[in-house]
Amino acid sequence: FNASREKGLPFQQFIFLGPTGTGKTATALYLKEQIEKEGYHVYYIVAQPSLLFTVQQFTGKVYSSVARAMFDIQKVLRSQKKNVVILDDADTLLVERGNLDYLMYFLSREPSIDWLITISNKSYILSQIEDIKVKGSWIPVPIFFPPYNANELFDILKSKKFPLKDDILRWIAEQTVSEGSNTRRA
């Protein structure tokens with residue numbers, strides 16, 4: 001992120017991809033905290049199956065029309081400088097055909113957004129975009145979050161200072177990884 005700023009790149013798009021429990025959201029929330037310290041306005045939005053409920057999170061208002069909501073979002077974004085949008089669980093918008101296309105077309109073309117960070121645990125999300133205009137404007141840099149191995153998971157569990165002995169934590173980490181479960185389950 002710092003490198004993109006140093007190069008003077010005007011707009012950056014990223015997508016965090018990986019299974020549940022691999023640190024995508026934790027990383028985004030950490031970035032949010034750091035970016036806000038630099039004076040950015042960060043909009044952290046958790047996608048909902050309904051596009052209307054998703055876009056209402058920008059303003060906190062209730063809308064009956066997506067078009068009206070988008071107009072208000074545009075007004076809010078353009079009234080300030082240094083905007084970052086983080087869209088978590090973006091794949092949730094795939095429930096209704098066209099929702100993800102519509103929102104990503106709007107966000108990827110909005111000139112007042114400096115960074116657009118999308119988060120998904122569905123690695124195929126980009127292939128679900130149907131609209132050619134969206135494919136031409138939403139071209140995020142993918143950042144992959146692979147599952148943790150047993151040693152990494154043990155280190156995470158140990159850092160949480162659970163009142164358990166190391167051999168128990170190591171067993172939990174090994175079991176979790178062997179079952180294909182994620183960090184949250186451990």
Side-chain angles (χ1 to χ4, degrees), residues 1 4-5 9-36 38-145 182:
F1 293 99
S4 69
R5 262 184 299 172
L9 298 174
F11 179 64
Q12 288 292 294
Q13 302 175 43
F14 301 93
I15 186 164
F16 294 176
L17 296 166
T20 300
T22 54
K24 299 177 302 296
T25 298
T27 300
L29 292 174
Y30 173 78
L31 287 171
K32 176 184 182 298
E33 184 180 299
Q34 298 305 309
I35 292 168
E36 284 175 335
E38 296 182 27
Y40 281 84
H41 301 276
V42 182
Y43 298 89
Y44 177 77
I45 307 299
V46 179
Q48 304 297 315
S50 162
L51 181 58
L52 197 54
F53 290 149
T54 299
V55 298
Q56 287 175 165
Q57 294 176 63
F58 276 94
T59 63
K61 296 179 183 176
V62 176
Y63 296 96
S64 58
S65 156
V66 172
R68 179 63 199 178
M70 295 302 212
F71 177 78
D72 283 359
I73 293 167
Q74 194 173 55
K75 221 166 47 172
V76 168
L77 289 169
R78 291 184 180 180
S79 71
Q80 38 199 18
K81 295 181 179 179
K82 300 174 81 173
N83 292 302
V84 175
V85 174
I86 300 172
L87 179 63
D88 202 347
D89 292 331
D91 46 89
T92 305
L93 288 165
L94 293 172
V95 170
E96 289 186 33
R97 187 176 182 170
N99 279 352
L100 184 64
D101 285 52
Y102 188 86
L103 185 58
M104 298 321 292
Y105 182 75
F106 171 80
L107 293 174
S108 64
R109 298 179 63 83
E110 176 51 50
S112 61
I113 297 175
D114 296 300
W115 290 338
L116 174 57
I117 301 168
T118 310
I119 303 170
S120 176
N121 60 10
K122 307 283 190 246
S123 59
Y124 58 81
I125 188 171
L126 294 172
S127 69
Q128 298 301 300
I129 298 298
E130 298 174 347
D131 190 323
I132 192 73
K133 294 182 293 186
V134 181
K135 289 180 180 182
S137 61
W138 183 44
I139 310 168
V141 175
I143 300 174
F144 296 99
F145 288 72
N182 63 62

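Numbers here are sequence positions counted from 1. What you see is a predicted model; the values in this text were computed from it and never measured.
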Undergrad: Under a 3.5 Å cutoff, is there a donor and acceptor pairing between the side chains of Y124 and D91?
TA: no
Undergrad: Has N83 got a side-chain atom pairing as donor or acceptor with S112's backbone, closer than 3.5 angstrom?
TA: yes
Undergrad: Which word best sums up how the rings of W115 and Y40 line up, parallel for under 30°, tilted for 30 to 60°, or perpendicular for over 60°?
TA: parallel
Undergrad: Using a 6.0 Å distance limit plus a 45 degree cone around the ring axis, check whether K133 lies over the aromatic ring of Y105.
TA: yes
Undergrad: Are L107 and I113 packed together at the side-chain level, in the sense that at least one heavy-atom pair is separated by less than 4.5 angstrom?
TA: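 Yes, side chains in contact.
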Undergrad: Which heavy atom of A69 sits nearest a heavy atom of V55, and at what distance?
TA: CB-CG2, 3.6 Å
Undergrad: Which atoms form the tightest heavy-atom contact between Q13 and S137, and what is the distance?
TA: NE2-O, 3.0 Å
Undergrad: Using the rule given for side chain to side chain donor-acceptor pair (under 3.5 Å), can you reason through N121 versus T20, listing the C-alpha separation, both sets of side-chain angles and the distance that settles it, and then say yes or no?
TA: CA-CA 6 Å; N121 60 10; T20 300; 3.0 Å; yes
Undergrad: Scan side-chain atoms only and decide if D88 and T25 contain a donor-acceptor pair under the 3.5 Å cut-off.
TA: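 Yes, because at least one side-chain N or O of D88 sits under 3.5 Å from a partner of the opposite role on T25.
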Undergrad: Look up atom CD in Q57 and atom CD1 in I45, then write down how far apart they are to the nearest 0.5 Å.
TA: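 So the CD of Q57 and the CD1 of I45 are separated by 5.0 Å.
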Undergrad: Return the minimal non-hydrogen interatomic distance between A47 and L93, and the atom names on each side.
TA: CB-CG, 4.0 Å
Undergrad: Are K135 and E130 ion-paired here, with the side-chain N under 4.0 Å from a carboxylate O?
TA: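 Looking at K135 and E130, the cut-off is not met.
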Undergrad: Salt bridge check, D114 against K82: does any charged N sit closer than 4.0 Å to a carboxylate O?
TA: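 No, no charged N to carboxylate O under 4.0 Å.
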Undergrad: Without swapping roles, check the side chain of T22 against the backbone of G18 for a donor-acceptor pair under 3.5 Å.
TA: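 Such a contact is absent between T22 side chain and G18 backbone.
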Undergrad: Return the minimal non-hydrogen interatomic distance between I119 and A28, and the atom names on each side.
TA: CD1-CB, 3.5 Å
Undergrad: Check for a donor-acceptor pair, side chain of T118 on one end and backbone N or O of L87 on the other, with a separation under 3.5 Å.
TA: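 Judged by distance alone, no pair lies under 3.5 Å.
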Undergrad: Quick one: does I86's side chain get under 4.5 Å of Y43's, heavy atoms only?
TA: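 A side-chain contact under 4.5 Å is absent here.
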Undergrad: Heavy atoms only: give me the nearest M70-Y102 pair and the separation to one decimal.
TA: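 So the two residues come closest at CE-CE2, 3.4 Å.
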Undergrad: Check whether Q56 reaches the backbone of V62 with its side chain - one donor and one acceptor, N or O, closer than 3.5 Å.
TA: no
Undergrad: For P19 and K24, which heavy atoms make the closest approach, and how far apart are they?
TA: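 Minimum heavy-atom separation between P19 and K24: O-NZ, 2.7 Å.
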Undergrad: Within the side chain of D131, is there an N or O that forms a donor-acceptor pair under 3.5 Å with the backbone of D101?
TA: no
